[in-house]
Amino acid sequence: MDAFAGSPLGWLCVGVTVLFGVTVLYMTKRNLVEKADVLVWRLLPALLGLLCVATLGTGRGLVVFCTSCLISCVYLGGRALLPVGDKAVLITGSDTGIGHALAKYLDNLGFMVFAGVLNKDGPGAEKLRRTCSQRLSLLQLDITNATQVKEAYLKVSEKVQNTGLWGVVNNAGILGFPADGELLPMSMYRQCMEVNFFGAVEVSKTFLPLLRKSQGRLVNVSSMAGGIPLPRYAAYGASKAALSMFSGVMRQELSKWGIKVAAIHPSGFRTGIEGTSSLWDKQIKELMENLPAHTRQDYGEDYLLGLKSYFLHMPAYCNADLSPVLNAVLHALLAKRPHGLYTPGKGAYMSLCIFCYFPLWFYDFVIGKMMTTESVPRALRTSESESKNL
Ligand SMILES: NC(=O)c1ccc[n+]([C@@H]2O[C@H](COP(=O)([O-])OP(=O)(O)OC[C@H]3O[C@@H](n4cnc5c(N)ncnc54)[C@H](OP(=O)(O)O)[C@@H]3O)[C@@H](O)[C@H]2O)c1
Ligand SMILES: *[C@@H]1O[C@H](CO)[C@@H](O)[C@H](O)[C@H]1NC(C)=O
Ligand SMILES: *[C@@H]1O[C@H](CO)[C@@H](O)[C@H](O)[C@H]1NC(C)=O
């Protein structure tokens, strides 16, 4: 075997091994829960060991092999997932979108799912009833209604007496109408806070006693817009930022109880959260009616209509496959060492990095380019076209 040592062929082997290792590491980072990983992680060390001994000689080869094993054990220890067993999880906002998909996904994996729905007689609830296992229970749960939160708590605590509640996923949320912060009515700011922040706080506070018993997990579906400023998301982003900050503080405070908390900041996914054309017409009309006359003049009605067309086209850029979000939530629920923050979806991590590590003017420039609309307020339009003609 030592004939290989130091020869070009030996170095080639080292190169291939390193490349293989890096690729597999990258793959596991992307697909945390693929079953194939188990096979790969049994096969890889054996292969690496053989190659090390073959290229570096028995003695040095073994040293290198043992060191890399130790490092990967420490690293992978945190990635290992706990068994599903009979773990019970509460999800809010399971009528549609991410919450709905998540309820199905976790039910399929064997979790005992409590699916909180805004409307227990709605089509979303009906679909869950039809497609999921007997383990899944539907709960009427408007998270802004204290009575319903209390009732849900009583039902859940009665059902999980012996096993405890392992996780709470604060998913329910509303987007509101995305438009310039100056135009949004106060009622929209209040409504976003009411659902996205106060609702999630109330649910978390109510269910924490159960989580403390199980030393379980609290997972908040916040948003990319809650971590970085994005134009037209003043109300939504502020409410999600409040949620994210609350999450951070909770992460610090609840660690002494053995509860792990994670926040998920997805970028755009196609779920229907952006609303429908008829809903938007109604909201634009309301918005216009409540604006002071001079503001309405300056922006102009067609500016708002322009925003609408932008957001109706948005789903085309969004990912219809929700699995990155589902995988992130699963990791937050089951990993021995879950991350504090997950950023599933295109651009979510990148924009956060630019925001954190670059000057603000650069971040604003990039986001301005990314989130541009053709809509220009009426009062700015003439000067804009003049400057184009220069
Ligand atoms: N989709 C994305 O691109 C994206 C990106 C970043 C973050 N997020 C976040 O991900 C979460 C899920 O969003 P989604 O895209 O799946 O949107 P979605 O399809 O609109 O799902 C949100 C769910 O919450 C429900 N809900 C609304 N108000 C509620 C209340 N007061 N109490 C209980 N449930 C309520 C909604 O019910 P109704 O349908 O009956 O109104 C809906 O089923 C939200 O927190 C959202 O902010 C989504
Ligand atoms: C809150 O929920 C209770 C019980 O479902 C219901 O009777 C009540 O009308 C709800 N309150 C509001 C403000 O929606
Ligand atoms: C989620 O938010 C709630 C309320 O805002 C908070 O109590 C909880 O600790 C947060 N958890 C995580 C994991 O972010």
Side-chain angles (χ1 to χ4, degrees), residues 90-105 114-128 138-155 168-178 190-203 206 219-228 230 233 235-244 247 263-276 279 311 314-326 328-329 341-349 351-352:
L90 169 75
I91 306 164
T92 63
S94 311
D95 304 72
T96 56
I98 294 171
H100 188 85
L102 190 64
K104 278 189 188 163
Y105 180 61
F114 292 97
V117 287
L118 188 55
N119 181 4
K120 213 176 163 187
D121 305 315
E126 187 48 45
K127 214 158 155 202
L128 287 179
L138 283 162
L139 298 173
Q140 173 59 44
L141 180 55
D142 176 347
I143 59 168
T144 61
N145 182 322
T147 318
Q148 290 189 13
V149 174
K150 195 87 224 158
E151 277 171 7
Y153 171 78
L154 291 177
K155 276 197 192 133
V168 171
V169 183
N170 279 313
N171 163 76
I174 54 167
L175 180 63
F177 181 78
R190 294 217 168 84
Q191 210 186 347
C192 276
M193 280 312 256
E194 201 59 50
V195 178
N196 297 347
F197 181 61
F198 293 123
V201 173
E202 177 136 27
V203 169
T206 306
V219 182
N220 284 333
V221 183
S222 183
S223 170
M224 175 172 146
I228 56 178
L230 294 175
Y233 287 106
Y236 176 77
S239 69
K240 289 292 193 181
L243 178 64
S244 294
S247 299
I264 318 270
H265 286 191
S267 66
F269 286 90
R270 205 182 305 163
T271 59
I273 198 173
E274 67 283 342
T276 59
L279 187 78
F311 279 99
M314 197 171 67
Y317 304 105
C318 289
N319 198 346
D321 175 17
L322 300 180
S323 55
V325 187
L326 303 186
V329 176
L341 176 69
Y342 294 82
T343 50
K346 253 187 291 179
Y349 186 64
S351 343
L352 188 67

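Start at 1 and go down the list; that is how both ligands and their atoms are numbered.
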Atom of Asp95, atom of His100 and distance for their closest heavy-atom approach:
O-ND1, 3.2 Å
Tell me which protein heavy atom sits closest to atom 1 (C) of ligand 2, plus the residue, atom name and distance to 0.1 Å.
Asn145 ND2, 1.4 Å
Give me the atom names and distance for the closest heavy-atom approach of Thr343 to Ala348.
O-CB, 3.8 Å
Any side-chain heavy-atom pair of Val219 and Val168 under 4.5 Å
no
Heavy-atom side-chain proximity of Tyr342 to His265 below 4.5 angstrom
no
Contact residues of ligand 1 with a heavy-atom cut-off of under 4.0 Å?
Gly93, Asp95, Thr96, Gly97, Ile98, Leu118, Leu141, Asp142, Ile143, Thr144, Asn171, Ala172, Gly173, Ile174, Val195, Val221, Ser222, Ser223, Tyr236, Lys240, Pro266, Ser267, Gly268, Phe269, Thr271, Ile273
Among all protein heavy atoms, pick out the one at the shortest distance from atom 4 (C) of ligand 2; state its residue, atom name and that distance to 0.1 Å.
Gln148 CG, 4.1 Å
Does any donor atom in the side chain of Asn220 or Ser222 lie under 3.5 Å from an acceptor atom in the other side chain?
no
State, yes or no, whether a side-chain contact exists between Phe198 and Thr144 at a heavy-atom distance under 4.5 Å.
no
Establish whether atom 9 (O) of ligand 2 and some protein heavy atom are separated by less than 4.0 angstrom.
no
Passes side chain to side chain donor-acceptor pair (under 3.5 Å), Gln148 versus Gln140? Steps please.
CA-CA 7 Å; Gln148 290 189 13; Gln140 173 59 44; 3.2 Å; yes
